[in-house]
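Attaching a single structure in structure tokens format; questions to follow.
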Protein chains: 2
Amino acid sequence: MLIYKTITRLIQYRLCLIHYTELGIEQIFSYTLAKETGVSPEQVRKDFSQFGIRGNKKAGYNVLQLIEQINAILSKNTVQKIILVGMGNIGKALIHYKGFENRNMQIVAAFDIDPAKQGRKYRIPVYPLQKLPQIVRREDISNAIIAVPESTAQQVCDLLTENGIRGILNFAPVILKTSDRIMIKNISLCGELEALSYFTQRTTV
Amino acid sequence: MLIYKTITRLIQYRLCLIHYTELGIEQIFSYTLAKETGVSPEQVRKDFSQFGIRGNKKAGYNVLQLIEQINAILSKNTVQKIILVGMGNIGKALIHYKGFENRNMQIVAAFDIDPAKQGRKYRIPVYPLQKLPQIVRREDISNAIIAVPESTAQQVCDLLTENGIRGILNFAPVILKTSDRIMIKNISLCGELEALSYFTQRTTV
DNA sequence: TATAATATGTTACAAAGATCACAAAAATAA
DNA sequence: TTATTTTTGTGATCTTTGTAACATATTATA
Ligand SMILES: NC(=O)c1ccc[n+]([C@@H]2O[C@H](COP(=O)([O-])OP(=O)(O)OC[C@H]3O[C@@H](n4cnc5c(N)ncnc54)[C@H](O)[C@@H]3O)[C@@H](O)[C@H]2O)c1
Ligand SMILES: NC(=O)c1ccc[n+]([C@@H]2O[C@H](COP(=O)([O-])OP(=O)(O)OC[C@H]3O[C@@H](n4cnc5c(N)ncnc54)[C@H](O)[C@@H]3O)[C@@H](O)[C@H]2O)c1
């Protein structure tokens, strides 16, 4: 994906900028944002430049204006609705999380095969899988989170894509096989920890 | 990090290979593994080659032997101990997770400032932060997970690094500032979802 | 008005990573 | 034994991403 990393950084910048508004900061420089987000000032300017965001020489960028411009790029003017499949450990952690709102996202429905999990016990209604096609269509959902066991992840993925889902955040430790028009992002917590281990181990040698 | 991606892939390969042993498969080819992990066969061979793992022309690689070789590279012969700071939504999801064992990892202790969370209510003992230095030293821990709110993440990070932690998996949506000898891996769930949204939005236009 | 200082924006350069192409080896078939 | 097929291993190439350099614009100051 060509500009995936750039978009990821824009999202980071946006988060910082929102902090700045809370602190009453109105104007910033590329190196301010760079330091805060751990990239180089040139990178910040280049990212902005790529999307036609221009700053002022000697005066940097206006925070509010910058947020507006990034919002426009990221289509952050409407709330982005997401569904969740699998109400286990991870699923529950996600639906209890308050941080989505600030970022204009909302988990609008969850699904689980286990009848004990279904109903309105949680902040968000939990439906049986049979309801999925209907809700995806009604709410016009494009993105979903897979938080089911490895053994059922592929079939959940198939169900989602058959019903028009185009983006999936996958927690199951399997590589999902699907059309390349579908975008899949794997969250591999164990993998990340194993990689960390490798490098922290090495440094002692 | 020079070989970070290679290591990440080795970890993926290992996971697949373990599946193969469970299915009774003894011998595999680079393209088998490639298909399963979503990379190219050349990449697989190159990754192995980089660590001196050689296959057999026309006969591919022996599964068990390959696992052994990858284990040796990843130091997977001993259980890797990890600590967790923050017993909220994410923290609880992690300690209830059974999947760490299969990957030779173990969360050996958790920490929280909230006395209500402390004690032996969970699978893993939860201590006050004051106990952290002692336990890190006693158990010889190198890696930690930060699952505390954004507002306290930096101070937890400082505490960890002061006590010899060298690798951190961070769930808080902030860029932690620390020495560059410390390896930090950020898990940005909201960020990933926002990026997904961006691309799935675009495709409709 | 001229000069200095400070940030931006862009072009050129470098590094990392992945892909491609193909030679070499091993097994099988003729 | 020779030819054919299959699969590995790696040098060359392409792509992507990030870094560095520098010219340009703006503001402040003398
Ligand atoms: N919990 C963690 O810390 C953690 C860490 C790393 C990876 N993961 C991965 O994340 C995924 C979820 O983990 P978890 O701990 O939440 O699992 P879990 O077992 O606690 O929950 C899985 C949930 O999915 C539901 N489910 C099963 N099949 C389903 C289907 N076909 N359709 C809908 N719902 C279905 C189950 O009823 C259950 O509620 C797993 O693949 C796991 O390997 C979890
Ligand atoms: N839950 C999610 O789905 C989710 C999604 C994205 C990001 N995150 C991020 O992950 C982090 C954890 O999220 P959560 O939902 O589990 O939060 P939470 O509020 O449920 O839990 C935080 C826990 O940390 C403890 N804590 C606070 N300060 C501490 C300190 N200084 N030392 C030790 N413990 C301390 C609290 O007592 C609490 O138990 C947050 O930074 C959050 O932004 C969470």
Side-chain angles (χ1 to χ4, degrees), chain A residues 1-13 16-17 20 25-63 65-66 69-70 73 175 180 183-186 191 195 198-199, chain B residues 1-13 16-17 20 25-63 65-66 69-70 73 175 180 183-186 191 195 198-199:
Chain A
M1 192 58 64
L2 197 71
I3 50 170
Y4 189 85
K5 295 207 165 186
T6 314
I7 293 297
T8 304
R9 283 193 301 267
L10 282 185
I11 291 165
Q12 279 278 350
Y13 301 150
C16 272
L17 291 166
Y20 289 145
I25 298 169
E26 290 175 7
Q27 209 72 13
I28 52 115
F29 302 122
S30 60
Y31 61 79
T32 326
L33 210 46
K35 202 175 172 196
E36 202 69 22
T37 54
V39 304
S40 72
E42 296 86 354
Q43 185 78 78
V44 172
R45 299 202 293 273
K46 215 170 188 181
D47 287 339
F48 290 166
S49 167
Q50 194 173 143
F51 289 98
I53 297 177
R54 319 310 300 264
N56 307 302
K57 307 239 159 142
K58 191 103 199 252
Y61 304 82
N62 177 274
V63 175
Q65 197 181 326
L66 201 43
Q69 289 168 307
I70 296 179
I73 296 163
I175 304 299
D180 52 7
M183 189 160 172
I184 302 208
K185 180 70 202 182
N186 295 299
Y198 174 83
F199 289 102
Chain B
M1 192 57 65
L2 196 71
I3 49 167
Y4 188 85
K5 296 206 166 188
T6 315
I7 293 297
T8 303
R9 282 193 301 268
L10 282 185
I11 291 166
Q12 278 278 350
Y13 300 150
C16 271
L17 291 166
Y20 289 146
I25 298 171
E26 289 175 8
Q27 208 71 12
I28 52 117
F29 302 123
S30 60
Y31 61 78
T32 325
L33 210 45
K35 202 175 173 196
E36 202 69 23
T37 55
V39 305
S40 72
E42 297 86 353
Q43 185 78 79
V44 172
R45 298 200 295 271
K46 217 163 193 180
D47 287 340
F48 289 165
S49 166
Q50 196 173 139
F51 289 98
I53 297 177
R54 319 308 300 263
N56 307 301
K57 307 241 160 145
K58 194 100 198 252
Y61 304 82
N62 177 273
V63 175
Q65 196 182 327
L66 202 43
Q69 288 167 307
I70 297 179
I73 295 164
I175 304 297
D180 52 5
M183 187 160 175
I184 302 208
K185 180 70 203 183
N186 295 300
Y198 173 83
F199 289 102

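FYI, side chains are in, hydrogens and waters are out, and symmetry mates aren't considered; it's all heavy atoms of this structure. Only a predicted model underlies this, so the values are computations on that prediction, with no experimental measurement involved. Naming convention: chains lettered A, B, ... in sequence-line order (proteins, then strands); numbering from 1 in each chain.
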B:R9 side chain near C:dG17 phosphate (N/O to OP1/OP2, under 4.0 Å) =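 B:R9 to C:dG17 OP1/OP2: no side-chain N or O under 4.0 Å.
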Figure out the OH/C1' separation between A:Y61 and C:dT8, and round it to whole Å.
->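 So the OH-C1' distance, A:Y61 to C:dT8, works out to 6 Å.
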How would nucleotides 20-30 of chain C be written as a contact map, 5' to 3', with B for base contact, S for sugar-phosphate-only contact and - for no contact, using protein heavy atoms under 4.0 Å?
-> BB--BBBB---
Enclosure of B:E26 CD (heavy-atom neighbours >12, cutoff 6.0 Å) =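 Check fails, neighbour count at 12 or below.
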Measure the distance from CG on B:D47 to C1' on C:dA16 and round it to the nearest whole Å.
->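 Taking atom C1' of C:dA16 as the reference, CG of B:D47 is at 14 Å.
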Tell me, do B:Y198 and A:I11 make a side-chain contact under 4.5 Å, heavy atoms counted?
->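 B:Y198 vs A:I11: side chains apart.
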Heavy-atom distance under 4.5 Å between the side chains of B:Q27 and B:N56, does that happen here?
->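 With C-beta onward as the side chain, the pair touches.
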Close side-chain approach of B:K35 and B:Y31, heavy atoms under 4.5 Å =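 No - every pair of side-chain heavy atoms lies 4.5 Å or more apart.
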Looking across every strand, which nucleic acid part, if any, lies under 4.0 Å from A:Y31 by heavy atom: base, sugar-phosphate, or nothing?
->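 Sugar-phosphate only.
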Do B:I73 and B:I53 touch side chain to side chain, with heavy atoms closer than 4.5 Å?
->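 Yes; the side chains approach each other to less than 4.5 Å.
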Atom-to-atom span, CD1 of B:I7 to P of C:dG17 - whole angstrom =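 Taking CD1 of B:I7 and P of C:dG17, I get 12 Å after rounding.
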Value in whole Å for how far the P atom of C:dT10 lies from CZ of A:F48 =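 Rounded to the whole Å, the gap is 14 Å.
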Could you tell me the separation between the CD atom of B:Q50 and the C1' atom of C:dA18, rounded to a whole number of Å?
->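 So the CD-C1' distance, B:Q50 to C:dA18, works out to 12 Å.
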Should B:S40 be listed as having a side-chain N or O under 4.0 Å from OP1 or OP2 of C:dT19?
->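 It does, given that an N or O in the side chain of B:S40 lies less than 4.0 Å from OP1 or OP2 of C:dT19.
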Give the rounded distance in Å between these two atoms: CG of B:L10 and P of C:dG17.
->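 B:L10 atom CG is separated from C:dG17 atom P by 14 Å.
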Reckon B:S30 has a side-chain N or O less than 4.0 Å from the OP1 or OP2 of D:dT8?
->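 True: B:S30 side-chain N/O within range (under 4.0 Å) of D:dT8 OP1/OP2.
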Is A:R54 near enough to C:dG9 that one of its side-chain N or O atoms lies under 4.0 angstrom from OP1 or OP2?
->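 For A:R54, the contact criterion (side-chain N or O under 4.0 Å from OP1 or OP2 of C:dG9) is met.
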Rounded distance (Å) that lies between atom P of D:dT7 and atom CD1 of B:I53 =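 Atom-to-atom, B:I53 to D:dT7, this comes out as 20 Å.
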Parallel, tilted or perpendicular: which fits the ring planes of A:Y4 and B:F199, with parallel below 30° and perpendicular above 60°?
->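 A:Y4 vs B:F199 ring planes: parallel.
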Verify the contact: side-chain N or O of A:S49 to OP1 or OP2 of C:dT10, cut-off strictly under 4.0 Å; return yes or no.
->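 Answer yes for this pair, as a side-chain N or O of A:S49 is under 4.0 Å from OP1 or OP2.
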Less than 4.5 Å apart, any side-chain heavy atom of B:Y61 and any of B:L33?
->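 Contact flag for B:Y61/B:L33 side chains = no.
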Specify the separation, in whole Å, of atom NZ of A:K35 and atom P of C:dA7.
->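 One finds 14 Å between P of C:dA7 and NZ of A:K35, rounded.
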